Chemist: 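This is the structure I have questions about; it appears just below.
In the text below, chain A, chain B and the rest are named by the order of the sequence lines, each starting its count at 1. The structure presented is a predicted model; accordingly, all values stated were derived computationally and were not measured.
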Protein chains: 2
Amino acid sequence: MDFGPIEWRPKFATKQGENALCAPTPFLAIKEEEMMKNMNKMMELMKQWPNVDLRPHFKAHKSVDIAKQQIKLGAVGICCQTLTEAESAVYGGSIEDVFISNEVIGVGKVKRVVQLALKSKISICVDNEENIKDLSQLAKESNANLDLVIEVNVGQDRCGIKPGADVVPLAKLVESLPNVHFKGIQAYHGWNQHVRSAAERKERTNTVAGLAQKTVECLQSANIKCPYITGGGTGTFPYEAGTGLFTEIQPGSYVFMDADYNRNLNEKETFYSGFVQSLFIYTTVQSITGDERAVVDSGMKAASLDSGPPLVAGKEDSVIYHSGGDEHGILRPNDGFKVGQVIQLIPGHCDPTVNLHDVYYLIDGNEKVKAILPVNARDAGV
Amino acid sequence: MDFGPIEWRPKFATKQGENALCAPTPFLAIKEEEMMKNMNKMMELMKQWPNVDLRPHFKAHKSVDIAKQQIKLGAVGICCQTLTEAESAVYGGSIEDVFISNEVIGVGKVKRVVQLALKSKISICVDNEENIKDLSQLAKESNANLDLVIEVNVGQDRCGIKPGADVVPLAKLVESLPNVHFKGIQAYHGWNQHVRSAAERKERTNTVAGLAQKTVECLQSANIKCPYITGGGTGTFPYEAGTGLFTEIQPGSYVFMDADYNRNLNEKETFYSGFVQSLFIYTTVQSITGDERAVVDSGMKAASLDSGPPLVAGKEDSVIYHSGGDEHGILRPNDGFKVGQVIQLIPGHCDPTVNLHDVYYLIDGNEKVKAILPVNARDAGV
């Protein structure tokens, strides 16, 4: 892949061309060849859905360099989940088309979104009247334009309005106000991504699509066009794309994969057979106790445990990672590990793991560091 | 408290003197008065153990400003858990006495520790012969001196050698090598901190102290002095301090407290009765669904969920925070919250929550921002 200027900091003490095993652990490594395989596989899959756009989710990698590569290969733009992500993409990467797949609340943040819209094409999710009025008023004051996407709760029970008729007054409100434009609806169901059986993911996606369809019909009955229907993550995107209803999908994790998504692959679903693990946590063994355990320097601060622990690459079935607190992982049994040895972990869940790190080491097949890519939008979620 | 120069960044858009409620959420707020109450309470408690030093753990707050305040009030120095923490404290704060309560493994990291030892007094935990040899050799090459503390596994089953006779050959090795000095032992048991019953915490600490005592006796039998015995966190420090064996305690969380430690307080143990919650996550309500739920903009990226979810301050018993993924928390029921309202969460576990944030807003009783303090050592655990 192409990559931009490198951000150097003393604590990431490996130079381009050096072996990654010389870098201080824990750190995140991207195996470039594997990541490119995933990106190319996705573009290959997209060919069968000519009326569906790919808008990959920036929240998976938070990297301007990777986002640019995705756009170069054919993505129409990116999704962001937070204002900081969108600012990183627009100011840090000059990305021209950003959809914030989440509500942006409060005058301070709305002002910042409006500033972004003076530089790039920005769309945002909404589910609340007052927020829509704020967006319109502040956009008007700055002579900016925002596309608004009404979020519909299709079963995740997080944000979004009820599917169906409630969409109409909200869409009419948007259409009645200056400097905001009704673009369409978001029908995304996060938990469905992680259901193990491909057949069940497909069935659940059909339920989601049914609720989206019902909402679109309400808009049509009110003579409101709905040209944009977005949803679908790495676990379900082929099913959304295959409905003929969704116009855009927003998978993110596919570039990296993780232990959780890899468990979905056990189904050998055709769509997923070409995706491979490209993201690893490199960690050093710091203490051993006979054959009983080996302690590594990657704890909760290096690996998110929310979707299960990381796996030991190459020993996925024989060695188990147990939490050892903020800075330690405890591998049981000690399968011949030695103090000082650097080993590779497969993250349990890629997005929140990435958010714990400041940079990626982009490495080739010989562990050579090709670049150090900043995790541009790492933060608490502003 | 005193604080040093302020680090400003555009995304932390609140100026000194402004109301914290104007800042973009989610963010961490320290209520200064409450934090000072905790620090003073600790110094008050310490008076009853004149032979025990307080060396607070930097891993709790990762803030040079707070560490300096602790030292000003009487702490002998600080504990760090990682190299980055120690570097932040020494280079960022000129802190003169740092104990790294963890092993530092690998030539790259050992070289960095040696550089630190040219600037401040550095002690480090060890549990491995090769590592001790590396430390000695590299310290000698730089004409630096390191104090080594042998870590003993007193029941947590993480790092450390077996209690008892195994300590002797390792201490002798340290004494035989140049530029490293045997300082004593670490006998710390992390899980004991979180046992709910004060009586049980005390009993378990007595077990820990018994194992430490046995180890010290082995050293004495071999004519090796052990002038330093360190351990004890916020949950058990009064019991370690009261043994007459420990020479130093290393609590960290007491400055902030958290939902998990607050559950310990239900015992009304005299030692803990004066500690109060001083750390809060400020978050904005971004979506509501009738009385059913209110969604806030603090997810796993703002609040570590490892020790249970955060609590809603003032509604600890009536509203429950459920994980909504990386960027969302789902409060059930919606107890009259409105979209745009800023509310306060009590972190479930302070240390890993702090590590998700770049700064603290230090606020007074009127929500006025007195300073923005950097979380100097936030990182993945290098």
Side-chain angles (χ1 to χ4, degrees), chain A residues 11 13 22-28 59 81-84 87 102-103 105-106 108-109 112 127-128 130-131 151 153 157-160 162 190 284-289 293 295 297-302 304-306 323-328 330 339-340 351-352 355-358 379-382, chain B residues 11 13 22-28 59 81-84 87 102-103 105-106 108-109 112 127-128 130-131 151 153 157-160 162 190 284-289 293 295 297-302 304-306 323-328 330 339-340 351-352 355-358 379-382:
Chain A
K11 68 177 173 179
C22 300
T25 57
F27 65 84
L28 277 185
K59 68 167 269 183
Q81 192 76 328
T82 66
L83 178 59
T84 300
E87 288 176 338
N102 196 9
E103 290 71 24
I105 301 295
K109 286 189 183 179
R112 285 161 61 177
D127 73 353
N128 173 274
E130 294 309 313
N131 181 226
E151 182 165 22
N153 173 25
D157 290 346
R158 196 168 63 184
C159 303
K162 229 169 38 185
T284 300
V285 177
Q286 74 167 78
S287 179
I288 57 170
T289 302
R293 65 182 182 271
V295 179
D297 63 2
S298 289
M300 279 188 275
K301 286 166 55 177
S304 184
L305 305 179
D306 64 282
S323 174
D326 298 13
E327 299 87 3
H328 301 93
I330 303 174
V339 170
D351 305 19
N355 197 57
L356 298 168
H357 294 261
D358 293 298
D379 88 332
V382 169
Chain B
K11 68 177 171 178
C22 301
T25 58
F27 65 83
L28 278 185
K59 68 168 270 183
Q81 191 76 327
T82 67
L83 178 58
T84 299
E87 287 176 339
N102 196 10
E103 290 71 25
I105 301 295
K109 286 189 183 178
R112 284 162 62 178
D127 74 353
N128 174 272
E130 294 309 312
N131 180 228
E151 183 166 21
N153 172 25
D157 290 347
R158 196 167 66 183
C159 303
K162 230 171 36 189
T284 301
V285 177
Q286 72 166 83
S287 179
I288 56 169
T289 302
R293 65 180 181 273
V295 179
D297 64 1
S298 289
M300 279 187 275
K301 285 165 57 175
S304 185
L305 304 180
D306 65 282
S323 173
D326 298 14
E327 299 87 4
H328 301 92
I330 303 174
V339 170
D351 305 20
N355 197 56
L356 298 168
H357 294 261
D358 292 298
D379 88 332
V382 168

Chemist: Please report the closest heavy-atom contact between A:V295 and B:C159, naming both atoms and the distance.
Modeler: CG1-SG, 3.7 Å
Chemist: A:R158 versus chain B, heavy atoms under 4.5 Å apart: side chain, backbone, both or neither?
Modeler: both
Chemist: Identify the two heavy atoms, one from A:K301 and one from B:D379, that lie closest to each other, and give their separation to 0.1 Å.
Modeler: CE-O, 3.3 Å
Chemist: Heavy atoms only, distances under 4.5 angstrom: which of B:I288, B:N153, B:N102 has the most pairs with chain A? Name it, please.
Modeler: B:N102
Chemist: Are any of the side-chain heavy atoms of A:P24 and B:R112 separated by less than 4.5 Å?
Modeler: yes
Chemist: Is it the side chain or the backbone of A:D351 that comes within 4.5 Å of chain B heavy atoms, both, or neither?
Modeler: both
Chemist: Would you say the side-chain atoms of B:K162 pair up with the backbone N or O of A:T289, donor to acceptor, closer than 3.5 Å?
Modeler: no
Chemist: So which part of A:D157 gets closer than 4.5 Å to some heavy atom of chain B, the side chain, the backbone, both or neither?
Modeler: both
Chemist: With chain A, which of B:T82, B:T284, B:D306 has the greatest number of heavy-atom pairs at distances under 4.5 Å?
Modeler: B:D306
Chemist: Using non-hydrogen atoms only, which part of A:L356 is less than 4.5 Å away from chain B: side chain, backbone, both, or neither?
Modeler: both
Chemist: Relative to chain B, which of A:P352, A:G299, A:S304, A:S323 shows the most heavy atom pairs under 4.5 Å?
Modeler: A:P352
Chemist: What's the shortest heavy-atom distance between A:V285 and B:I105, and which atoms?
Modeler: O-CG2, 3.8 Å
Chemist: Can you tell which part of B:E327 gets under 4.5 Å to a heavy atom of chain A, answering side chain, backbone, both or neither?
Modeler: side chain
Chemist: Against chain B, label A:K59 side chain, backbone, both or neither, depending on which of its atoms sit under 4.5 Å from a heavy atom there.
Modeler: side chain
Chemist: If you compare all heavy atoms of A:P26 against all heavy atoms of B:A380, which two are closest, and at what distance to 0.1 Å?
Modeler: CG-O, 3.5 Å
Chemist: Could you have a look at A:N131, A:D127, A:D297, A:L305 and say which one has the most heavy-atom pairs with chain B under 4.5 angstrom?
Modeler: A:D127
Chemist: Heavy-atom pairs under 4.5 Å with chain B are the metric here; pick the option from A:Q81, A:E130, A:E151 that has the most.
Modeler: A:Q81
Chemist: Checking A:Q286 against chain B: side chain, backbone, both or neither under 4.5 Å from a heavy atom?
Modeler: both
Chemist: Looking at A:H328, A:K109, A:M300, A:E103, which one has more heavy-atom pairs under 4.5 Å with chain B than the rest?
Modeler: A:H328
Chemist: At a heavy-atom separation under 4.5 Å, does A:T25 approach chain B through its side chain, its backbone, both, or neither?
Modeler: both
Chemist: Using a cut-off of under 4.5 Å for heavy-atom pairs, which of B:G108, B:G324, B:G106 has the most such pairs with chain A?
Modeler: B:G324
